[in-house]
Amino acid sequence: MSGIDTGRAEDRGVSDIPSTQKVWHVVKKGTPEKVLKQVLDAPVPSKFPKGEVLVKVQAAALNPVGFKVMQIAPTFVAKRPYVPESDFAGVVVDANGTSFKNGESVYGWIPVPTGLKTRLGALAQYTRAPADNLVPKPPQLSAVDVSGIALACMTAYQALFDIAHLEPEQSLLVNGGSSAVGAFAVQLAKAKGCKVTATASGKNEEFVRGLGTDEFVDYTKEPLEKQLTEKPPSPKFHVIFDAVGLLDPSLYTHSPAYLAPDGIFVSTGPQPKGINAKEMKTTAKMLWEIFLRPGWLGGTKRKWRLVQVKHKKEDLEAIAQMISEGKVKPLVDSVYSFDDTLKAYEKLKSGRAKGKVVIKIDDTV
Ligand SMILES: NC(=O)c1ccc[n+]([C@@H]2O[C@H](COP(=O)([O-])OP(=O)(O)OC[C@H]3O[C@@H](n4cnc5c(N)ncnc54)[C@H](OP(=O)(O)O)[C@@H]3O)[C@@H](O)[C@H]2O)c1
């Protein structure tokens with residue numbers, strides 16, 4: 001175990017924490033309905049390193065990476081059983097000498113590699129997390145509201161500002177304006193003073209416009225690259241952010257028609273839906289177009305970058321500031337009980353959620 005062991009919770013005057021708890025365990029490799037098992041007597045951690053706190057979880061939010069790791073991670077990466085998921089909100093019950101106080105309401109995340117190392121993620125009544133990964137919950141928002149902010153909003157923040165260096169008044173295309181990551185991207189860009197075009201299916205137009213989107217494109221009417229090539233923005237986009245993780249490279253390969261020459265295409269993916277011949281062929285095509293095909297062989301003359309969310313305290317704090325000022329709103333698609341976690345995964349896996357799918361872990365909240 002890394003860090004210095006600070007001893008038992010009782011020795012720090014923390015006494016009303018049970019020794020066992022309810023959690024969801026991933027017990028083998030596969031889809032959520034086949035590999036998730038509810039366990040009623042998992043241990044509550046009583047010893048953990050300096051810099052970490054123990055949180056009584058009130059709500060946890062699901063992310064696609066949660067079920068993807070369940071399905072594909074080999075045993076040497078994910079030692080089972082482990083408690084899945086990253087995002088949560090709750091109350092600090094053992095501040096363990098950090099700047100937090102016992103009883104303080106917080107939200108934040110456990111990055112996937114950290115959760116796999118401790119084998120304790122967010123789908124538990126009590127979890128441990130580095131204090132740096134948590135921020136205080138603003139009083140006007142509930143634990144359910146804020147439980148799903150950290151991973152998705154930091155992904156959008158890092159894509160737009162750390163990678164694309166988006167500036168005020170620049171124009172941005174968000175592909176997937178109703179996805180959790182995309183909806184945060186639209187709001188972050190509007191808060192920065194940018195012009196935003198976003199895509200979704202027609203049924204989500206009102207939702208996406210409600211986030212502040214200036215222009216809307218229904219990707220189900222005709223291929224997106226065709227619609228954008230026929231009616232390119234003027235000036236062309238400075239940044240395209242694919243918050244869906246398209247496997248088909250067409251939006252990128254056609255981008256010289258609608259992305260400025262010094263513009264940048266940032267992607268959350270590409271995300272194959274499974275391991276089969278068709279997906280493998282499309283993945284190979286995507287890799288060829290992005291990384292291998294040179295410009296003189298007709299390759300796309302636009303920059304392409306992948307965002308891979310990582311913890312940055314300053315990013316989480318900047319986001320927390322915008323959330324508490326109401327400049328960025330958390331978006332909850334649906335709320336499920338702890339016992340209905342498998343139904344929540346079904347909703348997320350449908351690919352149709354508008355914002356976060358949340359599990360209410362503490363029914364008294
Ligand atoms: N690289 C990273 O660090 C990182 C971090 C976070 C997430 N991700 C990835 O980013 C993607 C989005 O994650 P998420 O949590 O935001 O997903 P999500 O909320 O589950 O996305 C669902 C939404 O995507 C929209 N959508 C689906 N296909 C679309 C398409 N072809 N064009 C436009 N919109 C489409 C749906 O709208 P409609 O119903 O209107 O189609 C729905 O509202 C996932 O693939 C995830 O694995 C990557």
Side-chain angles (χ1 to χ4, degrees), residues 32 61-72 85-87 109 111-113 147-160 162-164 173-188 197-211 213 216-228 240-252 265-274 279 282-283 286 304-312 315 319 330-334 344-358:
L62 306 183
N63 282 286
V65 67
F67 67 74
K68 288 175 187 174
V69 169
M70 262 178 232
Q71 284 170 221
I72 60 171
E85 295 302 334
S86 293
D87 281 331
W109 74 315
V112 174
S147 58
I149 291 171
L151 191 153
C153 198
M154 282 221 288
T155 306
Y157 189 94
Q158 290 171 6
L160 299 186
D162 297 354
I163 298 176
L173 171 71
V174 177
N175 183 44
S178 58
S179 74
V181 175
F184 280 126
V186 170
Q187 297 186 78
L188 289 168
T197 300
T199 74
S201 60
K203 67 178 186 314
N204 288 335
E205 176 167 356
E206 202 182 319
F207 173 82
V208 172
R209 285 200 185 273
L211 303 171
T213 299
F216 176 81
V217 185
D218 179 351
Y219 76 91
T220 62
K221 278 192 173 157
E222 268 195 301
L224 189 53
E225 62 281 2
K226 184 165 183 274
Q227 297 190 57
L228 293 169
I240 296 179
F241 178 38
D242 174 16
V244 174
L246 294 176
L247 197 54
D248 180 336
S250 304
L251 184 63
Y252 171 64
F265 188 109
V266 187
S267 170
T268 55
Q271 311 273 346
K273 288 202 169 59
E279 295 284 295
T282 320
T283 307
M286 183 76 165
W304 188 98
R305 291 284 181 276
L306 175 71
V307 60
Q308 280 181 294
V309 66
K310 51 185 175 300
H311 185 66
K312 273 174 85 180
D315 290 355
I319 289 165
L331 301 153
V332 175
D333 172 88
S334 43
Y345 273 108
E346 262 174 51
K347 179 67 197 273
L348 183 70
K349 288 190 79 185
S350 74
R352 300 278 81 84
K354 289 185 296 186
K356 299 306 302 182
V357 176
V358 174

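Note that ligands are numbered from 1 as they come in the structure, with each ligand's atoms numbered from 1 the same way. Numbering starts at 1 and runs along the sequence shown.
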Would you be so kind as to tabulate the donor-acceptor pairs closer than 3.5 Å made by side chains of residues 150-158, with sequence neighbours excluded?
unit_1: Thr155; atom_1: OG1; unit_2: Leu151; atom_2: O; d: 2.7
unit_1: Gln158; atom_1: OE1; unit_2: Lys310; atom_2: N; d: 3.1
unit_1: Gln158; atom_1: NE2; unit_2: Lys310; atom_2: O; d: 2.8
unit_1: Gln158; atom_1: NE2; unit_2: Asp315; atom_2: OD2; d: 3.1

Handout entry: Residues forming a side-chain hydrogen bond (donor to acceptor under 3.5 Å, both in side chains) with Glu225, sequence neighbours excluded
Key =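 Not a single residue meets the side-chain hydrogen bond (donor to acceptor under 3.5 Å, both in side chains) criterion with Glu225.
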Practice task
For Lys221, check side-chain hydrogen bond (donor to acceptor under 3.5 Å, both in side chains) against everything at least two apart and list the hits.
Solution key: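 For Lys221, no residue satisfies side-chain hydrogen bond (donor to acceptor under 3.5 Å, both in side chains) once neighbours in sequence are set aside.
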Handout entry: Minimal non-hydrogen separation, Ala183 against Leu331, with atom names
Key =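 Where Ala183 meets Leu331 most closely, the heavy atoms are CB-CD1, 3.4 Å.
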Handout entry: Side-chain (Thr199) to main-chain (Tyr219) donor-acceptor, under 3.5 angstrom
Key =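 Side chain of Thr199 to backbone of Tyr219, a donor-acceptor pair under 3.5 Å: no, none is there.
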Exercise for the section: With a 4.0 angstrom cut-off on heavy atoms, strictly below it, pick out the residues next to ligand 1 and order them by chain and number. Expected result: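 The answer is Pro64, Lys68, Leu151, Thr155, Asn175, Gly176, Ser178, Ser179, Ala180, Val181, Thr199, Ala200, Ser201, Lys203, Asn204, Tyr219, Ala243, Val244, Leu246, Thr268, Gln271, Val307, Gln308, Val309, Leu348, Gly351, Arg352, Ala353, counting any residue whose heavy atom sits under 4.0 Å from ligand 1.
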Problem - Aromatic plane relationship, Trp109 with His311 - under 30° parallel, 30 to 60° tilted, over 60° perpendicular - result: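 Because their plane-to-plane angle lies in the 30° to 60° range, the rings of His311 and Trp109 count as tilted.
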